[in-house]
Every structure is written in C-alpha cells, then in structure tokens.
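This structure is a prediction, so every number in the text was calculated from the model and none was measured. Side chains are part of it too, since the values below use all heavy atoms of this structure and drop only hydrogens, waters and symmetry mates. Order of appearance sets the numbers: ligands from 1, and atoms from 1 within every ligand.
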Amino acid sequence: MNHSILLKVAGKYGTPVYVYDEDRIRKNFRDFLLAFRSRYPKSKVFYALKANTSLAILNVLKEEGSKADVVSAGELKAALKAGFEGEEIIYTNNAKTREDIMLAIDSNVLLNIDSMDELNRVHDILKSRNKSIRISFRVNPCIDPKTHPKISTGIRESKFGIHIEEDLAFKAYRFARELDNVEIKGVHMHIGSQITDKKPFIEALDKLMAFVKKLREKLDLELDFVDVGGGLGIDYNSDDTISPDELAESLVQVLDRWSKRTGYEPELWLEPGRYVVGNAGVLLCEVQSVKETPYKQFINVDCGFNTLLRPAMYDSFHRIENLSGKGRGGNKTYDVVGNICESGDVLGKERNLPETKAGDILAIHDTGAYGFSMSSQYNSRPRPPEVLLWGDSAELIREREEIKDLFRNQRIPEDLI
Ligand SMILES: Cc1ncc(COP(=O)(O)O)c(C=O)c1O
C-alpha cells in the first residue's frame, strides 16, 4: 500500500487503525477461485468470515462470487446482512447452542455437524418444529498439518469433528441416513491454518475420499460435495509457502485419481480466510516513546495484543516498517512493544528499524486476517477503526470505539450506588 496514503489515513483517522486494500482482497479471492475453477469446474469458495468479519469486506467478497463459511450466530447474521442467501452459507461449530441451531434452521443454511450428540439435538429440535435441514458432518482425518499447535485442528487429539478412525464418522452417516428430516449433502474437514506445505492437504483429502467411497459402497450414499476447509498459508516473513495454483493442482490430482477409480465427481468446497484478506491489511500505530535499557531498546506504541493478538497468541511474525523514518538511517535493533500491562505484549522482537522517534507512524504488515476479528477491549482499551482503500480513496468502514463504549452494557446494582 502506498506510504503517503497510509500516513494520510493515520493523520485523518488517528491510530491505531486497520487499513485494507480492496483491490488486493478482490485479486486474492479471484486468484484463489480461478486456481480451482480452471482445474475443477465444480469448485465453490466459501470465504471464512472469522478471518475478517467487517461488513464492507463481506460485501466486496459477495460481489466477487464468494459464498460464506460461518462459525457463530453473529457471523451468520453478518453474512445475511451482507446479502448472502442461506443456501450460500455453511455453519460450522463444535458447541452450537439450541438458539444457534434454530437460527440455522430458520435461515436455511447448511449445518455442519460436529458430533453424534449434536446430531441428536438437531434432530429433536427439527422434530419439535416440524422442519428439515441440509447437513454435512465435520470429520477428523487425524493429519498433522505441521503448523502452530494452536491452529492444528485435525490431529488425533483435536476437539473438532468426528474421527474417521474406529468407524465413528461412518456410524454417524449411517444413523443420519435413517432420519427423515435431515438431508445429507456432504462431508467437511478443516485440518488447520497457516499451512505452507501441500502434503498434509493431499494426505487428508486422500483419507477423506477413501471415506466417501466407503459411504457410497456400504450405505449407498452419494454426497454432493467434499469440503476441505481453509488453511492455505501466506508469506509473513519470506515463508516458503505454496500458492493457490499449487494447492489446486495437488488436490485436483487427488480428486481425479479417485474419480477414475469410482466414476464419482463431487463438488469441491473450499473455505479460505487468511489467504483472501491476510496480506490486504496493515495496522498503523504511533510511537509513544523510545526507551533504552542496558539490555534492550524498546519502541512503545499505542496498540497492543488487544489490537493484534497473533504475535502473543501464536508467536507469529509480522513485518514492521517505520513509515515516518524513510531515508533517516541510523538503524538500530528494537523490540516493538504494546501498551498492555503484560510482558508478553511484544509485537515485533529484535527488529532492525531506522532511528525511531515518538510520533513516528509504524505499519504492522499482513494483519488483514485474524487482526481486528481477534481484537478485544482488554485493559479497557476501545477497539480501533477500520478503513478501506480503493485506489487513492479511503473510506471509514468501522468507527473507532470510544471510552464510553466500554461501559455501555454494564449495570451497577442499586444497593451499591
Ligand atoms: C472450519 C474452518 N474453515 C475455514 C477456516 C479458515 O482458515 P484459514 O483462515 O486458515 O484459511 C477456519 C479457520 O480456523 C476454520 O476453522
């Protein structure tokens, strides 16, 4: 993104502020969709809202032909608000409440079921309301995606999905097939996030297709789709990651191999989140002070892990640039730290930056995914605004929270006043 525009945005809307590049989001989505569609026309892309749920961005992706992958009632409502139809939404979650399930039924979304217990609950609700619903099951293929443990979601010990092992998933389909108010449409998995190697995807899809073959042969069940979830990594720090083309090439080879054997060609559903928005966002913050200790030099900025959780949560790396320090020289090694009262609030360790001064604007790059959507009001700090850029124009798409918003839903009991 153009530096002078970013500096103007920081000047106009203040800091911290998330800034997104609309053209980049459109391009990322198109590249991803085309990679799969050109090789496998029966591909459908469901943007994973959790990466960034801002309505303006959802509108952009809806315009590009995306469908929606949601994980909560809030995300479901956001998708509907952005114009997605119920038929274009898949709803995945491992602990849906009765209210969540009723909303899913009323909105006509595809419900992705996570356990036998949940299936029974869904069935009871459907019976009592004389309704029906389209479903799939999330299955666990037990594959290690070789990413951060906190975002490995299809390993043996994972809480997500029904294990293919021990025929658990098979039994779930066999049971569901007998229920007259659920229509089984497909199968789903999601093995993890920020995956930079194609091998785990290939292995997992291979297992999934073997499972699908068994459903056809033993239960006479022909699924409309296989959903391989999201997970494609992005290049945060010269990571050696795969492209959508490489991923598509590998996955389509697996599908072709199975379809030659079985004559069966399901729709291929994908749920990218990070790839679509990750590198299209930057977080701008302002340097408040620079501190030298006998051991380290710190840059204190006006945001922290309440604003961008990823470095503290996943030890993740984001490139940091001093937008005000261009050509200044005098480079030093700094730790860029946030304003939260915890030692773990480090946004960037040992970064080589030009000599930095209070008032400088820093850009923390590749923060379009799991940035704002994971932000909080921890330490009673209001959340930042979001701005969308297209060409030279900038538009506020979410207002900055104010201090008064922190108190909006609180009540003090009468006897304490
Ligand atoms: C079910 C599901 N689908 C899709 C995604 C999106 O993953 P990513 O942003 O890595 O593409 C996630 C992320 O956790 C997920 O849980």
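Checked for salt-bridge contact, Arg408 and Asp405 meet the test: a charged N lies under 4.0 Å from a carboxylate O. Arg383 and Glu401 are joined by a salt bridge, as a carboxylate oxygen and a charged side-chain nitrogen come within less than 4.0 angstrom of each other.
Of the N and O atoms on the side chains of Asp360 and Asn322, at least one donor lies less than 3.5 Å from an acceptor on the other residue.
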Could you walk me through whether Glu386 and Ser54 pass the side chain to side chain donor-acceptor pair (under 3.5 Å) test, one step at a time? CA-CA 9 Å; Glu386 296 180 290; Ser54 302; 2.6 Å; yes

Derivation and outcome, side chain to side chain donor-acceptor pair (under 3.5 Å), residues Arg274 and Tyr236: CA-CA 11 Å; Arg274 186 189 310 273; Tyr236 284 107; 2.8 Å; yes

Could you give the N/O to N/O pairs under 3.5 Å linking ligand 1 and the protein, each with its distance?
from	atom 1	to	atom 2	distance (Å)
ligand 1	3 (N)	Asp69	OD2	3.1
ligand 1	3 (N)	Glu271	OE1	2.6
ligand 1	9 (O)	Arg274	N	2.8
ligand 1	9 (O)	Tyr370	OH	2.6
ligand 1	10 (O)	Ser193	OG	2.3
ligand 1	10 (O)	Gly231	N	3.3
ligand 1	11 (O)	Gly231	N	2.8
ligand 1	11 (O)	Gly273	N	2.9
ligand 1	14 (O)	His190	NE2	3.4
ligand 1	16 (O)	Lys50	NZ	3.4

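The shortest distance between side-chain heavy atoms of Cys303 and Glu286 does not fall below 4.5 Å.
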